[in-house]
A.B. asks: 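Encoded as structure tokens, here's the structure I'll be asking about.
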Amino acid sequence: MDGIGALVIVKFGGSVITDKNHPLSLNQVALDSLSKTLSMHPSKKVIVHGGGSFGHHYAKMAGLNTRCKFVDDIKQIALIRKSMLELNAHVINSLYLYGLNPYTIAPFYWSKSLNGLKALLYKLLSQNVCPVFFGDVLPCNRGFKILSGDDISYFLCRMLKPSRMIFCINVDGIFPSSNMKGPIIRELDPKVVEKIMAKKSSIDVTGGIVRKIKIAYKISKLGVDVFFVNGSKPDDFFKALNGEYGVGTCMRGMK
Ligand code: IP8
């Protein structure tokens with residue numbers, strides 16, 4: 001990134017920082033471990049976090065996903081947003097305690113001015129402030145929709161061209177089958193992923209992770225290396241921050 005130095009964008013998966021089996025439950029240990037590892041790494045960082053058992057819990061109740069939908073009971077929208085702000089407060093608190101100087105930027109800022117957002121990010125990063133984004137609920141034409149933290153990550157990669165993008169997930173990487181058996185795929189060749197997606201067959205991975213792989217593919221097309229690592233394994237996370245191949249699953253940026 002021009003004049004800023006090495007930049008890494010990190011997505012804290014909701015499945016890592018919360019317990020998805022219990023509504024509104026934080027995984028403080030995992031969150032603090034991520035913050036601690038980040039604090040030991042010298043690169044500039046931008047953090048994005050997902051919704052886990054906070055935002056997704058209420059989004060499900062409202063029947064919302066990434067498509068625009070009319071919502072009868074507007075209270076549901078307030079609940080989604082409130083829960084995301086609560087989760088964000090936990091994330092900010094942890095990052096702050098580990099000295100990362102977090103600064104939340106809510107998605108509405110984007111619609112105001114992209115140039116303004118870019119200037120703000122440069123300013124914050126140059127002063128050792130760590131921008132933090134979160135998946136959110138946004139108004140759209142005829143209702144509301146969920147803006148995923150994965151989409152925010154792609155958007156930020158396009159804008160900032162980081163050295164690498166790291167998705168912290170709750171398993172050791174991408175498995176070759178949906179039953180999570182078999183050795184982790186260490187390197188996903190974007191050209192192979194391209195063919196698999198075109199054929200609409202699958203390397204047999206499920207829901208959320210398929211979408212993540214598609215986004216990773218789009219990010220790799222920007223020339224940015226993408227890593228999927230277990231967010232509960234500090235060593236793996238640190239190696240990915242360093243850009244070391246052979247940890248988790250990597251999709252190298254297309255040059
Ligand atoms: O977990 C979703 O973000 P994600 C955010 O990154 C909400 O998909 C509000 C459910």
Side-chain angles (χ1 to χ4, degrees), residues 8-62 78-107 124 128-137 146-153 156 164-173 180 184 207-209 212 227-242 247-249:
V8 182
I9 300 181
V10 179
K11 161 94 193 283
F12 288 1
S15 58
V16 179
I17 59 172
T18 75
D19 176 353
K20 275 196 152 177
N21 296 318
H22 300 101
L24 305 180
S25 55
L26 184 72
N27 187 337
Q28 187 77 59
V29 173
L31 174 59
D32 287 345
S33 159
L34 288 169
S35 302
K36 186 176 178 193
T37 306
L38 274 177
S39 73
M40 295 185 308
H41 200 269
S43 60
K44 304 275 183 194
K45 301 113 185 153
V46 174
I47 313 295
V48 182
H49 70 81
S53 66
F54 286 68
H56 280 289
H57 172 67
Y58 290 113
K60 207 167 164 192
M61 278 168 63
L79 273 174
I80 299 172
R81 190 114 218 285
K82 177 168 139 13
S83 70
M84 284 311 295
L85 290 173
E86 278 162 17
L87 179 56
N88 182 252
H90 290 298
V91 172
I92 292 296
N93 196 39
S94 174
L95 291 169
Y96 175 77
L97 290 174
Y98 283 93
L100 282 140
N101 304 322
Y103 184 104
T104 296
I105 300 171
L124 294 175
N128 269 330
V129 177
C130 174
V132 179
F133 292 80
F134 58 91
D136 204 356
V137 59
I146 299 297
L147 174 66
S148 153
D150 294 341
D151 289 319
I152 298 176
S153 301
L156 291 171
R164 59 199 66 91
M165 169 77 222
I166 302 173
F167 288 98
C168 294
I169 57 177
N170 64 346
V171 288
D172 288 353
M180 308 266 198
I184 296 287
I209 204 73
K212 272 195 190 350
F227 288 84
F228 292 95
V229 289
N230 191 328
S232 300
K233 294 196 171 167
D235 288 350
D236 286 11
F237 182 34
F238 195 80
K239 283 180 185 158
L241 285 167
N242 276 338
V247 61
T249 297

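The chain is numbered in sequence order, starting from 1.
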A.B. asks: Quick one: closest heavy-atom pair of V129 and P131, and the distance?
C.D. replies: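 That would be O-CD, 3.3 Å.
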A.B. asks: Nearest 0.5 Å, please: how far is CZ in F228 from CD1 in I166?
C.D. replies: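 So the gap between those two atoms works out to 11.5 Å.
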A.B. asks: Can you name the closest pair of heavy atoms from N170 and V16 and give their distance?
C.D. replies: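 Taking every non-hydrogen atom into account, N-CG2, 3.7 Å.
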A.B. asks: Please give me the minimum heavy-atom distance between V48 and G149, naming the atom from each residue.
C.D. replies: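 Between these two residues, the closest heavy atoms are CG1-O, 3.4 Å.
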A.B. asks: What class does the angle between the rings of F238 and H41 fall in, given that below 30° is parallel, 30 to 60° is tilted and above 60° is perpendicular?
C.D. replies: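 If you compare the ring of F238 with that of H41, the planes turn out perpendicular.
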A.B. asks: Is a donor on one side and an acceptor on the other found under 3.5 Å between the side chain of R81 and the backbone of D136?
C.D. replies: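 Pair absent, no side-chain N/O of R81 close to backbone of D136.
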A.B. asks: Within the distance-only criterion (no hydrogens, no angle test), does the side chain of D236 pair as donor or acceptor with the backbone N or O of V229 below 3.5 angstrom?
C.D. replies: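 Checked: no pair found.
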A.B. asks: Would you please test K11 and I9 for side-chain contact (heavy atoms from CB on, under 4.5 Å) and show each step?
C.D. replies: CA-CA 7 Å; K11 161 94 193 283; I9 300 181; over 6 Å; no
A.B. asks: Would you sort out whether L87 and I17 count as a side-chain contact (heavy atoms from CB on, under 4.5 Å), showing the intermediate values?
C.D. replies: CA-CA 9 Å; L87 179 56; I17 59 172; 4.2 Å; yes
A.B. asks: Does the pair V10 and L241 meet the rule for a side-chain contact (heavy atoms from CB on, under 4.5 Å), with working shown?
C.D. replies: CA-CA 9 Å; V10 179; L241 285 167; 4.1 Å; yes
A.B. asks: Short question: side chain of S94, backbone of H90 - any donor-acceptor pair under 3.5 Å?
C.D. replies: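 Absent.
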A.B. asks: Does L95 reach the side chain of F12, with side-chain heavy atoms less than 4.5 Å apart?
C.D. replies: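 Yes. Closest side-chain heavy atoms under 4.5 Å.
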A.B. asks: Rounded to the nearest 0.5 Å, how far does NE2 of H49 lie from CG of L34?
C.D. replies: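 So the CG of L34 and the NE2 of H49 are separated by 12.0 Å.
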A.B. asks: Any chance you could measure N101, atom CG, to S39, atom OG, to the nearest 0.5 Å?
C.D. replies: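 Result: 11.5 Å between the selected atoms.
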A.B. asks: Can you tell if the side chain of L38 reaches within under 4.5 Å of the side chain of F237, non-hydrogen atoms only?
C.D. replies: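 The answer is yes; the side chains approach within 4.5 Å.
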A.B. asks: Quick one: are M165 and V8 in side-chain contact, heavy atoms under 4.5 Å?
C.D. replies: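 Not in contact.
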A.B. asks: Check whether any side-chain N or O of S33 sits under 3.5 Å from a backbone N or O of V29 as a donor-acceptor pair, and report yes or no.
C.D. replies: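 No: the side chain of S33 does not pair with the backbone of V29.
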A.B. asks: L24 versus Y58: any side-chain heavy-atom pair under 4.5 Å?
C.D. replies: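 Contact flag for L24/Y58 side chains = yes.
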A.B. asks: Nearest heavy-atom pair of I146 and A59: which atoms, and what distance?
C.D. replies: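 Nearest pair, atom of I146 first, then A59: CD1-CB, 3.8 Å.
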A.B. asks: Which pair of non-hydrogen atoms, one from F54 and one from L26, has the smallest distance, and what is that distance?
C.D. replies: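 The pair with the smallest heavy-atom distance is CE1-N, 4.0 Å.
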A.B. asks: How long is the span from the CG atom in N93 to the OH atom in Y98, to the nearest 0.5 Å?
C.D. replies: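 Atom-to-atom, N93:CG and Y98:OH are 11.0 Å apart.
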A.B. asks: Grab the two heavy atoms, one from A240 and one from V247, that are nearest each other, plus how far apart they are.
C.D. replies: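 Minimum heavy-atom contact is N-CG1, 4.0 Å.
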A.B. asks: Side-chain contact test, heavy atoms from C-beta onward, threshold under 4.5 Å: evaluate it for L85 versus F134 and give yes or no.
C.D. replies: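 L85 vs F134: side chains touch.
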A.B. asks: Report the distance from atom CE of M84 to atom NE2 of H56, rounding to the nearest 0.5 Å.
C.D. replies: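 The CE atom of M84 sits 7.5 Å away from the NE2 atom of H56.
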A.B. asks: Does S83 reach the main-chain N or O of I80 with its side chain, forming a donor-acceptor pair under 3.5 Å?
C.D. replies: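 Checked: pair present.
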A.B. asks: Do D19 and S53 pair up side chain to side chain, a donor and an acceptor below 3.5 Å, judged on atom types alone?
C.D. replies: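 There is no such pair between these side chains.
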A.B. asks: Hey, are the side chains of I105 and L124 touching, using non-hydrogen atoms and a 4.5 Å cut-off?
C.D. replies: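 A side-chain contact under 4.5 Å exists here.
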A.B. asks: Is it the case that over 12 heavy atoms from other parts of the model lie below 6.0 angstrom from the NZ atom of K20?
C.D. replies: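 Atom NZ in K20 is packed in, count exceeds 12.
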A.B. asks: First locate atom CZ of F133, then atom OG1 of T104, and finally report the distance between them rounded to the nearest 0.5 Å.
C.D. replies: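 It comes to 9.5 Å.
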A.B. asks: Does the side chain of C130 come within less than 4.5 Å of I47's, by heavy atoms?
C.D. replies: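 SC-SC contact between I47 and C130 confirmed.
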